[in-house]
2 protein chains.
Amino acid sequence: MGLRERKKEKTRLAILDAALDLFLEQGYESTTVEQIAGAVEISPRTFFRYFTNKDHLAMWFHDHGEEIMLETLAERPADEPPFTALMHALRSVLADVEGSTPDDALRFLKLRRLLDGNPHLVGKSVARGAQTERRLAEVIAARRGVDPDEDQLTHLIVAFAMSTMRVGFECPRRDCTIEEIQRRMAESIELAERCLRPGWDLQH
Amino acid sequence: MGLRERKKEKTRLAILDAALDLFLEQGYESTTVEQIAGAVEISPRTFFRYFTNKDHLAMWFHDHGEEIMLETLAERPADEPPFTALMHALRSVLADVEGSTPDDALRFLKLRRLLDGNPHLVGKSVARGAQTERRLAEVIAARRGVDPDEDQLTHLIVAFAMSTMRVGFECPRRDCTIEEIQRRMAESIELAERCLRPGWDLQH
DNA sequence: TGACTTATGGCACACTGTGACAGGACGGTT
DNA sequence: AACCGTCCTGTCACAGTGTGCCATAAGTCA
């Protein structure tokens, strides 16, 4: 990895950290791109070369999470029930956060704290989730051997899985730890599985 | 109802219709507020007094739908299982569209067609749905006699209901009729109920 | 008619996001 | 080390969004 790429990655993280701190300090809306750029000593123009917009900063984790879910899903045995496979993919995301560097874990928690106080950002986040949902639906449809345009159950399976994830991520306390999130997520998964009929995701 | 209010409502609908037509004709992103305002012969400044932003236009239906869902929910017997009550609320929304004026029905279909070709707008729409989800969670928590901050099942019930709704609204064909949407929605509801264990939403 | 409330338009303004171009830093080659 | 092509960055210009402010016009009620 050359100096150029390392420098880029460093700038990327510097922007992210400066932005998260500014957001938490003075609010998301009232923080401008100019301020963020100023804090990292880059031009506003350069900011937009790293992140397409301010929202993209808060969606940083989704890109990573989606990637992990798709990777995990590809590795799960083909005969595993779709919802079960999705729940495993979900656990992988959290396991990755737990196994990451302390810096990354801190970023993750800051992001969560940010979302807590900004319903508007939660909305954006859910919107990003809709994109993930479409991608997952493609994969699950392939697993089930159906056309995603025709099979409602495929979409229901994925939507239920994403619902389970969102419920698990929610955390009423501000000072939520990763362990606590992991516990709530496990609870949510268990709850969802208890609510659904056995074999419901294998119908045709 | 005075002249002033009637005039306002007329302007509101005129903006909506002009915008929907422009969006479908030349695309959502490439339609500016100035163009919409020009088509209705108002100033851009006035546009923003009717709709907070361009997105708000595409969310017009949500405001109405949410209202109906909350109203219906309030009317359902208190001892009805929460998910069942939510499914009734959902059906009310569609029944309302069916029972509305031909103009409103046309607007509804145009909006659906617009969403079909704009994943970005679907995202915004889902984000708006997250807001509805929070409101519904309050009501369902009250019905269940629990604290919405503590009870994960409440959130799961609402999230599953909204998932069912979104799946039902999706329509692979461009020239979808209201009858077809209603049929798909009924299918989706039936499917969801078949997937869930009887009494799953009555646990504590 | 006159006094009020409210909607509208016009203006200035801050912010977002993008295209185009010039200069500088990096990477590989000789 | 010197060279050159590639990639990154900053500057400038610009279109578009969204808001506060104030004057004015239209609707409302006495």
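Any value given below was found using the heavy atoms of this structure, including those in side chains, with hydrogens, waters and symmetry copies removed. Below, chain A is the first sequence line, B the second, and so on; all start at residue 1.
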* Asked: What about the rings of A:Phe83 and A:Phe160, do their centers lie closer together than 6.0 Å?
  -> no
* Asked: Between A:Pro44 and B:Leu3, which has a closest nucleotide on DNA chain D that is more 5'?
  ->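 Nearest nucleotide further toward 5': that of A:Pro44.
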* To do: With DNA chain D as reference, determine whether B:Glu5 or B:Thr52 sits nearer its 5' end, using the nearest nucleotide of each.
  =>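 Mapping each residue to its closest nucleotide by heavy atoms, the 5'-most match is B:Thr52.
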* Enter the inter-axis angle for the ends of the helix from C:dT1-D:dA30 to C:dT30-D:dA1 (five pairs per end, rounded to 10°). =>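 Here the helix ends are tilted 10° relative to one another.
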Taking atom [atom2] of [N] as reference, at what distance in whole Å does atom [atom1] of [X] sit?
{"X": "A:Ile36", "N": "C:dG17", "atom1": "CD1", "atom2": "P", "value": "10 Å"}
{"X": "A:Arg12", "N": "D:dC8", "atom1": "CZ", "atom2": "P", "value": "13 Å"}
{"X": "B:Glu34", "N": "C:dG9", "atom1": "CD", "atom2": "C1'", "value": "14 Å"}
{"X": "A:Glu41", "N": "D:dT11", "atom1": "CD", "atom2": "C1'", "value": "18 Å"}
{"X": "B:Lys10", "N": "D:dG27", "atom1": "NZ", "atom2": "C1'", "value": "14 Å"}
{"X": "A:Arg4", "N": "D:dT9", "atom1": "CZ", "atom2": "C1'", "value": "11 Å"}
{"X": "A:Gln26", "N": "C:dC15", "atom1": "CD", "atom2": "C1'", "value": "14 Å"}
{"X": "A:Phe48", "N": "D:dT11", "atom1": "CZ", "atom2": "P", "value": "15 Å"}

Closer than 4.0 Å, any side-chain N/O of [X] to the OP1 or OP2 of [N]?
{"X": "B:Thr46", "N": "C:dT8", "result": "no"}
{"X": "A:Lys54", "N": "C:dT16", "result": "yes"}
{"X": "B:Lys8", "N": "C:dA7", "result": "yes"}
{"X": "A:Lys7", "N": "D:dC8", "result": "no"}

* **Face-on cation placement of A:Arg128 at A:Phe61 ring, 6.0 Å and 45° thresholds** =>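 Not satisfied by the 6.0 Å and 45° rule.
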* Would you classify A:Phe47 as touching base, sugar-phosphate or nothing, given that sugar-phosphate means primed atoms plus P, OP1 and OP2, and contacts are heavy atoms under 4.0 Å? => nothing
* What does A:Tyr50 touch in the nucleic acid at a heavy-atom separation under 4.0 angstrom: a base, only the sugar-phosphate, or nothing? -> sugar-phosphate
* To do: Compare the minimum distances between each of C:dT8, C:dG9, D:dT9 and the side chain of B:Thr11, then state the nucleotide with the smallest one.
  =>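 So the side chain of B:Thr11 is nearest to C:dT8.
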* Picking from D:dG10, C:dC11, D:dG16, which would you name as closest to the side chain of B:Arg45? -> C:dC11
* Asked: Quick check: are there more than 12 heavy atoms from other residues, nucleotides or ligands sitting under 6.0 Å from CD of A:Glu41?
  -> no
* Could you tell me whether A:Glu34 atom CD has more than 12 heavy atoms of other residues or ligands within 6.0 Å of it? => no
* Asked: Are A:Glu179 and A:Arg183 close enough for a salt bridge, meaning some N to O gap below 4.0 Å?
  ->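 Salt bridge flag = no for A:Arg183 with A:Glu179.
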* To do: Identify whether the distance between the nearest side-chain nitrogen and carboxylate oxygen of A:Arg107 and A:Asp104 falls below 4.0 Å.
  => yes
* Going by modelled atom types, is there a donor-acceptor pair between the base of D:dG10 and the side chain of A:Arg49 at under 3.5 Å? -> yes
* To do: Give me the ring orientation class for A:Phe51 and A:His56: parallel if the planes are under 30° apart, tilted from 30 to 60°, perpendicular past 60°.
  => perpendicular
* Asked: How close do B:Leu57 and B:Ala19 get, heavy atom to heavy atom, and via which atoms?
  -> CD1-CB, 3.5 Å
